Amino acid sequence: MLDIKRIRNNPDEAKEKLATRAIKPEQIDDVIALDEQRRDLLKQTEQLKAKRNTVSDAISVAKRNHEDADKQIAEMREVGADIKALDTKLAEVLDEFNDKMARLPNFPHDTDPVGPDENYSREDRKVGAIPHFDFEPKAHWDIGEDLGILDFKRAAKVSGARFVYYMGMGAKLERAVYNFMLDQHEEEGYEEVIPPYMVNSASMYGTGQFPKFKEDVFQIQDQDLTLIPTAEVPLTNYYRDEVLDEAQLPVYVTALSPSFRSEAGSAGRDTRGLIRMHQFNKVEMVKYVKPEESYKELEKMTGNAENILQKLGLPYHVITLATGDMSFTAAETHDLEVWIPHQETYREISSCSNCEDFQARRAQIRYRDADGKVHLVHTLNGSGLAVGRTVAAILENYQNEDGSVTIPDVLVPYMHGVTKITKENAHAKHVED
RNA sequence: GGAGAGUUGGCAGAGUGGUAAUGCAACGGACUCGAAAUCCGUCGAACCCGUUUAUAGCGGGCGCGCAGGUUCAAAUCCUGUACUCUCCUCCA
């Protein structure tokens with residue numbers, strides 16, 4: 001949620017900034033007009049309420065002295081009716097105002113590249129050498145199915161498209177990857193959390209998924225529960241409607257969780273493999289910080305995600321998203337894209353965003369400074385990393401000509417010493433009693 | 001799933017129709033070399049509107065889980081709802 005006072009005082013600034021995010025100037029004029037209506041009605045009803053309060057006092061005194069108050073009561077009956085009418089109108093205006101405000105995206109940061117889509121994003125750096133293969137590299141779904149560690153067919157039978165079973169060493173690799181990530185982030189100062197995987201609408205609203213992106217999620221029928229599309233939602237709403245002490249900041253938390261996404265509107269894209277699933281694991285990082293530190297913290301968080309890729313030896317590049325390509329709540333976003341050999345391209349594997357006070361205003365997450373004054377915190381979130389896509393990247397970048405996959409060194413301890421996944425070791429052996 | 005109880009300021013806790021007691025904590029001051037204790041004073045944080053250069057001050061609104069309703073007037077009465085706790089049932 002943007003600050004209406006800032007929009008009211010600088011409408012041109014708001015129009016200019018949001019124009020880069022596909023918001024028409026009329027939408028700004030709309031909210032300003034509604035805001036004016038709202039304040040006008042508020043003034044009227046508050047004047048009447050002030051009158052009601054003073055006259056009610058008089059009535060109360062009169063009654064106590066057993067004097068007649070019928071005249072005032074009759075007068076107040078009318079005032080009461082007027083208040084009710086005004087309040088009804090005010091509620092309507094307020095609803096519309098809130099709805100329109102809730103659909104305006106965050107202001108982009110001044111340094112963000114301006115442009116309508118990903119073609120305008122800025123590449124900040126490339127890290128790691130792109131691997132060269134003496135053979136035709138296979139797609140990760142072929143590697144996985146040939147080794148028998150990924151089973152898309154049976155997942156389709158049991159659940160549907162965009163689901164997968166990880167089998168044997170595949171499951172173990174997934175587990176190794178996220179355990180490694182959690183351990184790394186813990187070393188970097190993040191507290192590990194296991195959050196709820198279903199949240200209520202207020203939480204979805206707080207982090208900005210609702211009201212605009214309801215079609216992107218899975219909701220439980222007849223209950224106010226939504227399967228989380230990212231752990232960002234439960235992690236950021238943890239302090240919803242709270243005032244923190246300045247001394248508590250910054251707060252760093254991390255969580256492994258499944259993420260559930262309906263992928264409405266993605267029909268036909270990435271139909272094979274682990275890239276785009278209805279359910280995938282992700283290790284998420286969230287920070288609550290003081291406003292003046294949020295951009296420094298964003299760089300640190302991006303570094304935390306990069307650290308994972310570097311230790312895994314996966315080539316990637318970092319881009320700063322163009323204004324038109326950023327998510328709704330972000331003021332600035334760095335995407336990490338990992339090299340996928342079979343597609344000969346970089347694919348998103350992490351997205352680290354500074355939401356500034358946009359989520360904090362919606363979710364009312366604040367802190368009290370040394371002078372006792374209350375301010376909104378800044379919130380950041382980043383994937384560190386999407387686990388399924390990391391497994392896909394490992395399978396492809398570490399594949400061998402014989403169909404086996406070498407395990408990156410840092411994961412070997414997490415694989416209990418296994419250095420390579422082969423057809424021979426991919427599955428459980430029968431154990432004689 | 002069944003039955004009951006509860007939700008009031010940072011915390012504890014009164015208040016069953018006339019507009020939020022009290023205690024603790026906190027803050028300011030006095031005393032003190034300083035602190036503690038004591039005494040005096042302030043105090044529902046936050047939010048909204050108006051006035052304003054102002055995040056100062058002042059005025060008003062709001063404010064008793066949330067949303068409605070009844071009433072001249074609601075913490076108090078009514079309806080719905082969320083959450084917490086206890087017991088029963090069930091359950092990994």
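Small disclaimer: the values here were computed from a predicted structure and weren't measured. First the proteins, then the strands, lettered A, B, ... as listed; each starts at 1.
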With a 4.0 Å cut-off, would you call [X] and [Y] a salt bridge?
X      : Y      : value
A:R6   : A:E13  : yes
A:K311 : A:D409 : no
A:K373 : A:D369 : no
A:D270 : A:R162 : no

Nearest-Å distance once atom [atom1] is located in both [N] and [M]:
N     : M     : atom1 : answer
B:G4  : B:U22 : P     : 37 Å
B:C83 : B:C66 : P     : 15 Å
B:U8  : B:A45 : C1'   : 14 Å
B:A25 : B:G10 : C1'   : 7 Å
B:A75 : B:C64 : C1'   : 5 Å
B:A14 : B:A92 : C1'   : 44 Å
B:C58 : B:C39 : C1'   : 32 Å
B:C72 : B:A54 : P     : 42 Å

Nearest whole angstrom, please: distance from the [atom2] of [N] to the [atom1] of [X].
X      : N     : atom1 : atom2 : answer
A:D241 : B:A45 : CG    : P     : 18 Å
A:M101 : B:C48 : CE    : P     : 12 Å
A:D224 : B:U81 : CG    : P     : 14 Å
A:D245 : B:A46 : CG    : P     : 14 Å
A:K43  : B:C48 : NZ    : P     : 17 Å
A:M1   : B:C48 : CE    : P     : 12 Å
A:E292 : B:U55 : CD    : P     : 19 Å
A:L48  : B:C62 : CG    : P     : 11 Å

Give each protein N/O atom lying under 3.5 Å from an N/O atom of nucleotides 56-61 of chain B, with the pair distance.
{"residue": "B:G60", "atom": "N2", "partner": "A:E46", "partner atom": "OE1", "Å": "3.0"}
{"residue": "B:G61", "atom": "OP1", "partner": "A:N53", "partner atom": "ND2", "Å": "2.7"}
{"residue": "B:G61", "atom": "O2'", "partner": "A:E46", "partner atom": "OE2", "Å": "3.2"}

Sole candidate of A:T320, A:T111, A:N106 that passes side-chain hydrogen bond (donor to acceptor under 3.5 Å, both in side chains) when paired with A:E332: A:T111
Touch class at under 4.0 angstrom, heavy-atom based, for A:R361 against every strand present: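 Answer is nothing: A:R361 stays at 4.0 Å or more from every strand.
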First encountered from the 5' end of RNA chain B, between A:V374 and A:S60: A:S60
Whichever of A:R39 and A:R366 has its nearest RNA chain B nucleotide further upstream toward 5':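 Mapping each residue to its closest nucleotide by heavy atoms, the 5'-most match is A:R366.
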Steps toward ring-ring contact (aromatic ring centres under 6.0 Å, His included) verdict (A:Y197, A:F260): CA-CA 9 Å; A:Y197 300 153; A:F260 300 95; 7.6 Å; no
A:K100 vs A:E96 side-chain heavy atoms within contact, under 4.5 Å: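 Yes, at least one pair of side-chain atoms sits under 4.5 Å.
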With the side chain of [X] defined as its heavy atoms from C-beta on, choose the nearest nucleotide among [options].
X     : options             : value
A:R8  : B:A45, B:C49, B:U19 : B:C49
A:K5  : B:A45, B:U19, B:C49 : B:C49
A:I59 : B:C48, B:C47, B:G18 : B:G18

Residue-level proximity of residues 73-98 of chain A to RNA chain B when a heavy atom falls under 4.0 Å: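 Nucleic-acid contacts, sorted: A:I73, A:M76, A:R77, A:K84.
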Distance-only side-chain donor-acceptor flag, A:E192 / A:H185, under 3.5 Å: no
Donor-acceptor side-chain pairing of A:Q359 and A:T379 below 3.5 angstrom: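 A:Q359 vs A:T379: donor-acceptor pair found between side chains.
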From CA spacing to verdict: side-chain contact (heavy atoms from CB on, under 4.5 Å), A:Q248, A:Y367: CA-CA 9 Å; A:Q248 285 178 264; A:Y367 73 97; over 6 Å; no
A:Y295 atom OH: more than 12 heavy-atom contacts under 6.0 Å: yes
Centroid separation A:Y205 to A:F210 less than 6.0 Å: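 That pair fails the under 6.0 Å test.
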Pairing pattern in dot-bracket form [Watson-Crick, G-U; both distances under 3.5 Å; | = partner strand] for RNA chain B: ((((((((.[[[..)..(...]]].(((((.......)))))....(((((.....)))))...[[[[[..)....]]]]])))))))....
Distance under 6.0 Å and angle within 45° of ring axis: A:R38 vs A:F97: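 Yes.
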